[in-house]
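This report concerns only the one structure given below.
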Number of protein chains: 2
Amino acid sequence: MDVLFELSEFFKFFGDTTRIRIIHLLLSGEVSVNDIAEKLNLEQSVVSHQLRILRTANLVKPRRDGRKMFYSLDDEHIGLIFNTGLTHILHKKGK
Amino acid sequence: MDVLFELSEFFKFFGDTTRIRIIHLLLSGEVSVNDIAEKLNLEQSVVSHQLRILRTANLVKPRRDGRKMFYSLDDEHIGLIFNTGLTHILHKKGK
DNA sequence: TGAAAATATGAATAATTGTTCATATATTGA
DNA sequence: TCAATATATGAACAATTATTCATATTTTCA
């Protein structure tokens, strides 16, 4: 498969407000599905749907503890990309 | 405006095959609209439409030379984000 | 000045994608 | 095992967005 196509697919996962908010929340550590929904004021099913997308794309990884599922960022790259983008737009705003 | 919303909007620009291919092409320097269309085998109007999006979002900047318009990446962050994403997916593939 | 070349734009269509609502699955503890 | 809790999933709908096609601008040069 074309790597540029894969790259654009990869960036799509960052290109949604709900997912970016989830990623932002997970920057500080693992959080359960219900806690994500509560803290971000989202419906549980919205969170589950988006978590599945993020999980499938290897942006987050799940850990089961009893009947709860805790999600965390998959690796350092995710935070790095998040922060590079953030730096860019803050830089642009500062002008 | 919420900075997380802006950030997701920003990443959206990378989340399209046509735009990623344009960004990739511009990594090696400025290119005219027709040359972009020709090298990427795209219709001219597709390129113009996407360039307007990229220009509005400050991802690329135009320079007029006669009747030609040359486009280049706006700043280093664009290439940095591109490469960080690329590194990530190549890293994932390597596993 | 007028034609040709290069780029930009507008409207319509097609395709993708996020959310909603209902329901299914899985785990724990009584 | 049964009820309660936590999470996941499926289908339908709504909204967003990329592409297409036609046409409008802008600039150069004969």
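Chain letters run A, B, ... following the sequence lines, proteins first and then strands; every chain starts at 1. Predicted model only: the values in this text are computed from it and were never measured.
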Would A:Asp35 and A:Lys68 pass as an ion pair if we require N to O under 4.0 Å?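 Judged by the 4.0 Å cut-off on N to carboxylate O distance, A:Asp35 and A:Lys68 do not form a salt bridge.
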Assess whether a salt bridge exists between A:Asp74 and B:Lys92, defined as any Lys/Arg side-chain N lying under 4.0 Å from an Asp/Glu carboxylate O.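 Yes, A:Asp74 and B:Lys92 are salt-bridged.
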In whole angstrom, what separates [X]'s [atom1] from [N]'s [atom2]?
X: A:Asp65; N: D:dT5; atom1: CG; atom2: P; value: 18 Å
X: B:Leu51; N: C:dA6; atom1: CG; atom2: C1'; value: 13 Å
X: A:Arg63; N: C:dT27; atom1: CZ; atom2: P; value: 15 Å
X: A:Lys68; N: D:dT5; atom1: NZ; atom2: P; value: 12 Å
X: B:Glu30; N: C:dA6; atom1: CD; atom2: C1'; value: 16 Å

A:Leu59 side, atom CG; A:Arg19 side, atom CZ - distance, nearest 0.5 Å: 8.5 Å
Cluster link B:Ile23 to B:Leu80, ILVMFWY, side chain under 4.5 Å: no
Which part of the nucleic acid, if any, lies within reach of A:Phe13 when heavy atoms closer than 4.0 Å are counted: base, sugar-phosphate only, or nothing?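 Since no nucleic acid heavy atom lies under 4.0 Å of A:Phe13, the category is nothing.
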At under 4.0 Å between heavy atoms, what does B:Phe70 touch on the DNA or RNA strands: base, sugar-phosphate, or nothing? nothing
Check whether more than 12 heavy atoms from other residues, nucleotides or ligands sit under 6.0 Å from atom CG of A:Asn41, and answer yes or no. no
For [X] and [N], is the shortest distance between a side-chain N/O and OP1 or OP2 below 4.0 Å?
X: B:Arg52; N: C:dT9; result: yes
X: A:Asn34; N: D:dT7; result: yes
X: B:Tyr71; N: C:dA8; result: yes

Residue B:Met69, side-chain atoms from C-beta onward, closest of C:dT7, D:dA4, D:dT7: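 So the side chain of B:Met69 is nearest to C:dT7.
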Measure from the side chain of A:Arg67, starting at C-beta and using heavy atoms only, and say which of C:dA8, D:dT9, D:dA4 lies closest. D:dA4
Flag, side chain of B:Arg64 to backbone of B:Met69, donor-acceptor distance under 3.5 Å: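 Judged by distance alone, no pair lies under 3.5 Å.
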Donor-acceptor pair, distance only, cut-off 3.5 Å: does the side chain of A:Arg21 make one with the backbone of A:Leu40?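 A pair under 3.5 Å: yes.
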Contact string for nucleotides 14-22 of chain C, one letter per nucleotide 5' to 3', B = base within protein heavy-atom range under 4.0 Å, S = sugar-phosphate only, - = neither, reads ---SSSBBB
